[in-house]
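Treat the numbers as computed from the prediction; the structure is a model and nothing was measured. The sequence lines fix the lettering, A, B, ..., with proteins before strands; numbering per chain opens at 1.
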2 protein chains.
Amino acid sequence: MAATLKDIARQVGVSVTTVSRALAGYDDVAEGTKERIKAVASELGYSPNIVAQRLQKQRTDTLGFIMPTFGPRFSDPFFSEFIAGVGNEAASHEYDLLVSAHAPNSAGELKAYERAVRRGWVDGLIVVRTREDDTRIQLLCAHNFPFVAFGRTSDDLEFPYVDEDSETGMRLLVQHLIDLGHKRIGLIAAPSGLMFGRYRLQGYYDTMRDNNLPVQPEWVVEGDMTQRGGAEAVTPLLGINPRLTAIIGGNDLMAIGAINRIQQQGLQVGRDVAVGGFDDIPLAAYTSPPLTTIHQPIYEIGQRTCAMLIDVINGRAPTTPHSLLTPTLIIRESSGNPI
Amino acid sequence: MAATLKDIARQVGVSVTTVSRALAGYDDVAEGTKERIKAVASELGYSPNIVAQRLQKQRTDTLGFIMPTFGPRFSDPFFSEFIAGVGNEAASHEYDLLVSAHAPNSAGELKAYERAVRRGWVDGLIVVRTREDDTRIQLLCAHNFPFVAFGRTSDDLEFPYVDEDSETGMRLLVQHLIDLGHKRIGLIAAPSGLMFGRYRLQGYYDTMRDNNLPVQPEWVVEGDMTQRGGAEAVTPLLGINPRLTAIIGGNDLMAIGAINRIQQQGLQVGRDVAVGGFDDIPLAAYTSPPLTTIHQPIYEIGQRTCAMLIDVINGRAPTTPHSLLTPTLIIRESSGNPI
DNA sequence: AGTATAATCCGAAACGTTTTGGGTGTCAAC
DNA sequence: GTTGACACCCAAAACGTTTCGGATTATACT
């Protein structure tokens, strides 16, 4: 059924070599022959066998992306938007994108990375949500495998990455709340071990300290990055006496969960308790009240990460192996008026 | 750098054939030889070249998924959850998942499908958000290419699919609102051409008719499936006089956008206007007020679709080539109390 | 007539694997 | 001492493509 070069060669009466070269557009094939070959090729509905090409070219033109998802079910808009960015950029360079999902630090995840490092699976990998002491990155560096990360690590490994300056972002948000008159600000932090959570935490502590505002240990609780996690984490925060006047979600999803729980307790967000988020997912503008948050251009980050990876794969040293994006504060209603 | 069978063969002093068979566990290799081969293999860090295996086996063990996204930027939780379902199921059968994104009915989308139909790219495809007169499915059927769809079509083409009974789902929701005392119910419909939108619309009209409730044409407006679209579509709906007492979003994202806009107009959702959604995305439980909606088990649907596709690829006729899931109504607060 | 030049074409190897269809040698049974 | 069975091993082909290094022929120039 599927036509091969050999089929065309037989029918036209030339060698496989000539067919290959004619189709590839070399100029050492006579015009007439080229015509005939092309005619037969399209008549037979020929299209090259991609696997054979890959074997011969010794490259797969495929990028890999292993999503670090907590639990099999998840629904983090971060991933769909990031995939869109990476995928479209990849497509525009004629690369395919292979995706899979594994829980962070799980055995499955490690196996997936080991598989990826094998030759012939993908040409390069994209790593997101970097961790302190990140085994994925250690493995990749050790094997000298091409990859680009979204996020930095605490190791002093040298590798190309894109990252947002989360610390500055958090400073912006905390300062905004302080400027509004808040002094008792709680934080629902990302799970420990995640680098971006660490930077955000740092930004929080530093800004409080710079404003001479003490922080009680119980003002910071961990959440699992989901709405449910945000809702659950906010409960102890609301029990603190005297009450916190503002609560920050380590990401928008947790902030949304927090808003929900705060309202269930009969408090009004933006008046009784100010709430801030982080990420500016599309939904953030549509919560009630709309969420004050820090904007991250996830789609563009995906594009940029992908473009860098393609550079790395092709041996072009990226002009800027480390790019740090500047975040912006989006003020909406959840942070309320000055008190 | 990368070790091949030939390298191992040379070092051990046997033929490539023997190495291959030893590693594959055939029993026509002496125990001792097998041991030595395995030792050398692991010493050299050998792992088979996947592309070569694929060329020889004439199958890629890869599934394709082309997301029909409106605009390059999107953030529909449907896709991340669906990918997770498909991806995990695929992984458990040792299949890879190749994804890309294209706008529905675009030239890029068509090209992507044509590329997919070529041999050696993927073994099968997953199609979602089926459309009336769906060119993708027509192409796939014409080429006899293995695929499974999430959704039906209006053609009388025969192909395996999984679908939710959207019509019944919508009936459940509309009846719920009617039982609450609503008579003037608006609908933000999915863009025309989408099959699931058509079924939902049908369920809406039928239920209204069965309850002897007239429907004015201006009660139904189209939205683009995003929050923004939902917000924009709700504006004309709110201008209708006398006011509609309930509004249904064709999906949860649009319902959330609608809630936002309704509240901006100073109306209270659940008291002044009841709102219903469709999909039960994780966020639906965390809006304020929480959203009454129809539950779709997207993750499981992804799994099921993927499992069917793998059956099709391997020539196992699926036991049930057409499976229709029964939706359930999730009553939360956005639909309010009886009036 | 001899030789350089260009225009066409092709055989064979290579990419790394799996599989087919044997081959060789040993040992026991007759 | 032949036969058969068995254990072990391998050469070669195949998957479909690209590319290297010529080979062949015709044309043009001395």
> Could you state the atom-to-atom distance from CG of B:L5 to P of D:dA11 in whole Å?
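Taking CG of B:L5 and P of D:dA11, I get 14 Å after rounding.
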> Nearest-nucleotide wise, let me know which of A:S15 and B:Y46 is further upstream toward the 5' end of DNA chain C.
A:S15
> With a sphere of 6.0 Å drawn around CG of B:D27, does it hold more than 12 non-hydrogen atoms of other residues, nucleotides or ligands?
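Atom CG in B:D27 is not crowded, with 12 or fewer foreign heavy atoms closer than 6.0 Å.
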> Tell me which one of B:D123, B:D61, B:D96 satisfies salt bridge (charged side-chain N to carboxylate O under 4.0 Å, His left out) with B:R54.
B:D96
> Check this one for me: any side-chain N or O of A:Q56 less than 4.0 Å away from OP1 or OP2 of C:dA13?
no
> For D:dC10, take OP1 and OP2 only and decide whether either is under 4.0 Å from a side-chain N or O of B:T18.
yes
> In terms of the nearest nucleotide of DNA chain D, which residue is placed more toward the 5' end: B:V16 or B:K57?
B:V16
> Decide if the gap between the ring center of B:Y113 and the ring center of B:F145 is smaller than 6.0 angstrom.
no
> Taking only N and O in the side chain of A:T17, is any of them less than 4.0 Å away from OP1 or OP2 of C:dC9?
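Result: no.
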> Ignoring hydrogens and geometry, is there a side-chain-to-backbone donor-acceptor pair from A:D134 to A:T130 under 3.5 Å?
no
> Using a heavy-atom cut-off of 4.0 Å across all strands, would you classify A:S20 as base, sugar-phosphate, or nothing?
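A:S20: base contact, heavy atoms under 4.0 Å.
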> Does the side chain to side chain contact (heavy atoms under 4.5 Å, CB included) test come out yes or no for A:F159 and A:I137, once each step is laid out?
CA-CA 9 Å; A:F159 61 91; A:I137 291 184; 3.9 Å; yes
> Check whether NZ of the Lys or CZ of the Arg B:R304 lies under 6.0 Å from the centre of the six-membered ring of B:F150 and within 45 degrees of that ring's axis.
no
> Using the ring of each side chain (for Trp, its six-membered ring), is A:H322 parallel, tilted or perpendicular to A:Y161, with breaks at 30° and 60°?
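Geometry flag for A:Y161 against A:H322: parallel rings.
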> Where along residues 21-34 of chain B does a heavy atom come under 4.0 Å from DNA chain D, residue by residue in number order?
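Within this stretch, B:D28, B:V29, B:A30, B:T33 sit under 4.0 Å of the strand.
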> Expressed in angstrom and rounded to an integer, what is the separation of A:K6 atom NZ from D:dT17 atom C1'?
11 Å
> Look at all strands and tell whether A:V14 reaches a base, only sugar-phosphate, or nothing, counting heavy atoms closer than 4.0 Å.
sugar-phosphate
> Would you indicate, yes or no, if D:dC15 has its OP1 or OP2 atom less than 4.0 angstrom from a side-chain nitrogen or oxygen of B:Q53?
no
> Would you kindly give the CG-to-P distance between A:L55 and D:dG16, to the nearest whole Å?
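Distance check: A:L55 CG to D:dG16 P gives 12 Å.
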> Can you tell me how far P of C:dC15 sits from CD1 of B:I50, to the nearest Å?
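For the pair B:I50 CD1 and C:dC15 P, the rounded distance is 19 Å.
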> Tell me: CD of A:Q58 to C1' of D:dT19, nearest whole Å?
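After rounding, the reported distance stands at 14 Å.
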> Quickly work out the A:N49 CG to D:dT18 C1' distance and round it to whole Å.
13 Å
